[in-house]
Every structure is written in C-alpha cells, then in structure tokens.
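Only heavy atoms go into these numbers, but all of them, side chains included; no hydrogens, no water, no symmetry mates.
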Amino acid sequence: MKRFFILLLIIILSACAKPLELKSEKDFQRYWCDKMGGQVEYVLPDSTRVDCLLSDYAVEVDFGKKWAEAVGQSLYYAEITGRNPGILLILADDEERFLRRAEKASAGAKKKVKIWTIKK
C-alpha cells in the first residue's frame, strides 16, 4: 500500500510540473541572452539599455508588432557600443509578416541588422 501512495504522489507531482513558460519580453530576453552568453540590460552612458550585449552584436528584443522600434533601437545601440546591430523578434505562428518587414527595413540600413527569431 505504501508503494501505491508513493507512486500516486510521483504521478500527481509530475502532472503538476509546468514546462518553462516565457510570457513577458523580459522572460524571452533573459532566456535567450543567457543561452547566447550575453550580458542582459547593458547600460549605456545615456542610461538607455541594450537588451542583450553579445561580443559582436547589440541586440534589441521585442515582440513582432514592435519590429520597427527594434530595428531603430538596435542601430542606435550598435553605433554607441561599436558592435553590429541585432534584433530578436518574438513571433507567434501568424506573425511572419513582421519578420519580412524587419528584413526589408534592415536591408536598406547603413549596417545590416542581424535578425533572430523565437516563437511565443
């Protein structure tokens, strides 16, 4: 009987365990930046913050609908840090249009913006 209750407890606890849930922009930022070995929230002399500073890239993290802001901010951060501009777009399955817009806008920029994506 004791084994039964231990097994039941293990099953119940396993069912209650949640997978890693990323909801906010900050969640995605921390998860991705840590995975890439970057520095989260790097503060610039003017008190603005690079979401993720990599050895070669200054990366802005934003949800897909804010693609234009992300492109602009990454260009600014790259100029100040001496790194390349990059963005991480957080996209839902039906938001590929935002990626295409960011790619088109970055193609015309003085420095090409590197774009990474992550799914919501």
Side-chain angles (χ1 to χ4, degrees):
M1 191 65 151
K2 186 176 178 181
R3 284 185 178 177
F4 172 76
F5 284 115
I6 291 173
L7 181 60
L8 183 61
L9 182 61
I10 290 171
I11 292 170
I12 290 170
L13 290 175
S14 297
C16 293
K18 289 184 175 180
L20 177 65
E21 278 191 46
L22 303 175
K23 292 185 179 181
S24 72
E25 181 184 308
K26 293 276 185 224
D27 292 338
F28 285 98
Q29 172 189 338
R30 287 187 189 107
Y31 169 79
W32 187 84
C33 193
D34 287 346
K35 188 174 150 185
M36 298 295 285
Q39 184 177 343
V40 177
E41 295 284 326
Y42 180 82
V43 182
L44 298 177
D46 64 359
S47 298
T48 56
R49 296 172 185 264
V50 179
D51 286 339
C52 182
L53 190 68
L54 302 176
S55 59
D56 294 340
Y57 289 92
V59 182
E60 174 64 16
V61 179
D62 263 317
F63 287 101
K65 66 182 178 182
K66 294 171 61 182
W67 66 269
E69 292 174 39
V71 170
Q73 284 178 269
S74 71
L75 290 168
Y76 175 72
Y77 297 154
E79 189 66 30
I80 300 301
T81 62
R83 297 209 171 59
N84 297 306
I87 61 174
L88 172 66
L89 286 181
I90 306 161
L91 300 172
D93 289 334
D94 63 343
E95 294 184 333
E96 291 297 315
R97 67 190 181 281
F98 298 132
L99 172 59
R100 288 191 302 277
R101 291 173 189 173
E103 289 171 338
K104 192 169 197 167
S106 71
K110 180 176 151 185
K111 282 188 172 181
K112 185 165 174 35
V113 179
K114 169 87 171 160
I115 302 171
W116 294 270
T117 62
I118 191 168
K119 293 290 182 183
K120 283 187 189 176

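Closest approach of L88 and V59 over heavy atoms only: N-CG1, 3.8 Å. Annotation for K23 and F28: closest pair O-CE1, 3.9 Å, computed over non-hydrogen atoms. For the residue pair Y77 and A58, the shortest heavy atom distance occurs at CB-CB, 3.7 Å. In terms of heavy-atom proximity, S74 sits nearest to G86 at CB-O, 3.2 Å.
Within the structure, the side chain to side chain donor-acceptor pair (under 3.5 Å) test picks out the following pairs touching residues 41-57 (sequence neighbours left out): K26-E41, Q29-E41, D46-T48, D46-Y76. The disulfide bond (SG atoms under 2.5 Å apart) contacts involving residues 62-91 comprise nothing, where partners must be two or more places apart or lie in separate chains. Each disulfide bond (SG atoms under 2.5 Å apart) pair with one or both residues in residues 53-120, not counting sequence neighbours, would appear here, but there are none. Here salt bridge (Lys or Arg N to Asp or Glu O under 4.0 Å) pairs that include residues 62-79, with residues two or more places apart or in two chains, are E25-K66, D62-K66. Within the structure, disulfide bond (SG atoms under 2.5 Å apart) pairs that include any residue of residues 30-74 comprise C33-C52 (at least two apart or interchain). Sequence neighbours left out, the pairs with a member in residues 92-114 that pass side chain to side chain donor-acceptor pair (under 3.5 Å) are E96-K119. Under the disulfide bond (SG atoms under 2.5 Å apart) criterion, no residue pair touches residues 72-120, with sequence neighbours excluded.
Note: I118 CD1 to K35 NZ = 6.5 Å, rounded to the nearest 0.5 Å.
Contact check for R83 versus L54: no side-chain heavy atoms found under the 4.5 Å cut-off.
Grouping Ile, Leu, Val, Met, Phe, Trp and Tyr residues whose side-chain heavy atoms lie under 4.5 Å apart, directly or via other members, places V113 in a hydrophobic cluster with W67, V71, L75, I87, L89, L91, F98, L99, I115.
There is a path of hydrophobic side-chain contacts, each under 4.5 Å, that joins W32 to F63. Residues Y31 and M36 share a single hydrophobic cluster, defined by chaining ILVMFWY side chains whose heavy atoms lie under 4.5 Å apart. Both W116 and V61 are members of a single hydrophobic cluster when ILVMFWY side chains are connected at heavy-atom separations under 4.5 Å.
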